Structures are given as structure tokens and as C-alpha cells.
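Heads up, the thing below is written out as C-alpha cells.
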Amino acid sequence: MDVHLHEHPVPGSDRSYELRLPDRACVTLVVHGADGRRELSAIAPGRDSPELTVTLSEAQAVTLGMLLSGLVVTGHDAAAPAVHDEPVQVVTLELAADSPALGRVPDELADEGRARVLAVIRDDTPELVEDDPSRALRVGDRLVVAARPEELDAVRHRLGAR
């Protein structure tokens, strides 16, 4: 199934993203650059306005993103906000010409649970994020990677990325 993510210009430092779903529903995300807040909205098929809009802090948005991407949240108590014993950092790494990841697909880059490729950004596609998980990686692809801060240098080295 294709994933189409569109970025819309917003005046100032804010960003707006739109994810169209197969049933013509839509999820929108507005990221406020000044304070890091995220406004997440769901728009039902055939409607012009959101059914629901929630405002998330930056920490809440990161936690939700981790859960949606399948990362394990440690130290979570159902009665308390999510607490991470080991923080996770999300970075963008560009593949160099000598990267051992070239020609492989993102799912082949599992790093023994220490890092995870969340997305591939390829500038010659109309979508913001490369949406074909079977398409081989190539020079200049930017990988959105989640890893623990102390693992980032090792991950960067293993991927041959800058």
C-alpha cells in the first residue's frame, strides 16, 4: 500500500504535514517550531474539518512516534507519564558513496535492537518519504534513524553515513 505524505508551507517556523489514508480519511500534523508543540488532527472521509484535534508536547509526540514505529518504551507505568530509562534520539543520516547499506532495503538494516530506520528520504520522489520498502538504498538517501545517543557514532560508522 502506498503512503503519501505531503508537506504544506506554513508562515513562520511551523510545518504542516498531511497523510491521506486509503478510505479518503486524513491525518494532519502541525509542528510548531517556537515551542515544539504538535497538533494532531483526524479528518473523516467527506469532511472538511477535523473530527478531533489533540495537542501534544514534544515529549508526548516522541513517545507516540516510538510506539507507532514499534520501538519498545521502557520504564512505563500505566498510572504515570512515559519515562524512558534510556533516551532515544532521532537523527537523519545521509548515505555516502562507500556505504555498506547501498543496494540493501531498510528492513535489512536491523542493528540488534540498538537502532532502527524509521524512514528513507529520497529527493527525486514526489513524496517527502520514500514509500516503497522494497526499493534498494542508494547514495544520497537520507535515513531517519532512532538510536540511543551513545550508539549514534557506531550506527553512523556501520551505515557509512554522515
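Given the structure is predicted, the values throughout are model-derived calculations rather than measurements.
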Side-chain heavy-atom pair Leu95, Val139 within 4.5 angstrom cut-off: no
I would like to know whether Val31 and Asp14 meet side chain to side chain contact (heavy atoms under 4.5 Å, CB included); could you show each step before the answer? CA-CA 6 Å; Val31 178; Asp14 296 353; over 6 Å; no
Can you check side chain to side chain contact (heavy atoms under 4.5 Å, CB included) on Val91 and Leu152, steps first, answer last? CA-CA 9 Å; Val91 297; Leu152 283 174; 3.7 Å; yes
Keeping the roles fixed (side chain from Ser99, backbone from Ala161), state whether a donor-acceptor pair exists under 3.5 Å. no
Heavy-atom closest pair (Arg104 atom, Glu108 atom, distance to 0.1 Å) is NH2-O, 2.7 Å
Flag if over 12 foreign heavy atoms under 6.0 Å of CZ, Arg156: yes
Does a side-chain heavy-atom distance below 4.5 Å link Val105 with Leu137? no
Rounded distance [0.5 Å steps], OG1 in Thr55 versus CG in Leu40: 9.5 Å
Separation between NE2 (His6) and OG (Ser16), nearest 0.5 Å, reads 12.0 Å
Which heavy-atom pair separates Val155 from Ala115 by the least distance, and what is that distance? CG2-CB, 3.6 Å
Are Leu64 and Leu29 joined in one hydrophobic group, where the rule is that I, L, V, M, F, W and Y side chains link up if heavy atoms are under 4.5 Å apart? yes
Within a strict 4.5 Å, meaning less than it, do heavy atoms of the Arg122 and Arg138 side chains meet? yes
Determine whether Ile121 and Asp141 make a side-chain contact, defined as any pair of heavy atoms from C-beta on separated by less than 4.5 Å. no
Side-chain heavy atoms of Tyr17 within contact of Val30, under 4.5 Å: no
Does NE2 belonging to His8 count more than 12 external heavy atoms closer than 6.0 Å? yes
Arg47 side chain near Arg24 side chain, heavy-atom distance below 4.5 Å: no
Do Arg38 and Arg15 pass the side chain to side chain contact (heavy atoms under 4.5 Å, CB included) test, and can you show the C-alpha distance, the side-chain angles, and the key distance before you say yes or no? CA-CA 10 Å; Arg38 273 75 164 158; Arg15 291 180 168 177; over 6 Å; no
Side chain proximity check, Leu118 to Val145, heavy atoms < 4.5 angstrom: no
Closest approach of Ser49 to Ile43 (non-hydrogen atoms, all atoms of both residues): O-CG2, 3.7 Å
Heavy-atom side-chain contact between Glu18 and Glu7 under 4.5 Å: no
Atom CZ of Arg20 and atom OG1 of Thr28: how far apart are they, to the nearest 0.5 Å? 9.5 Å
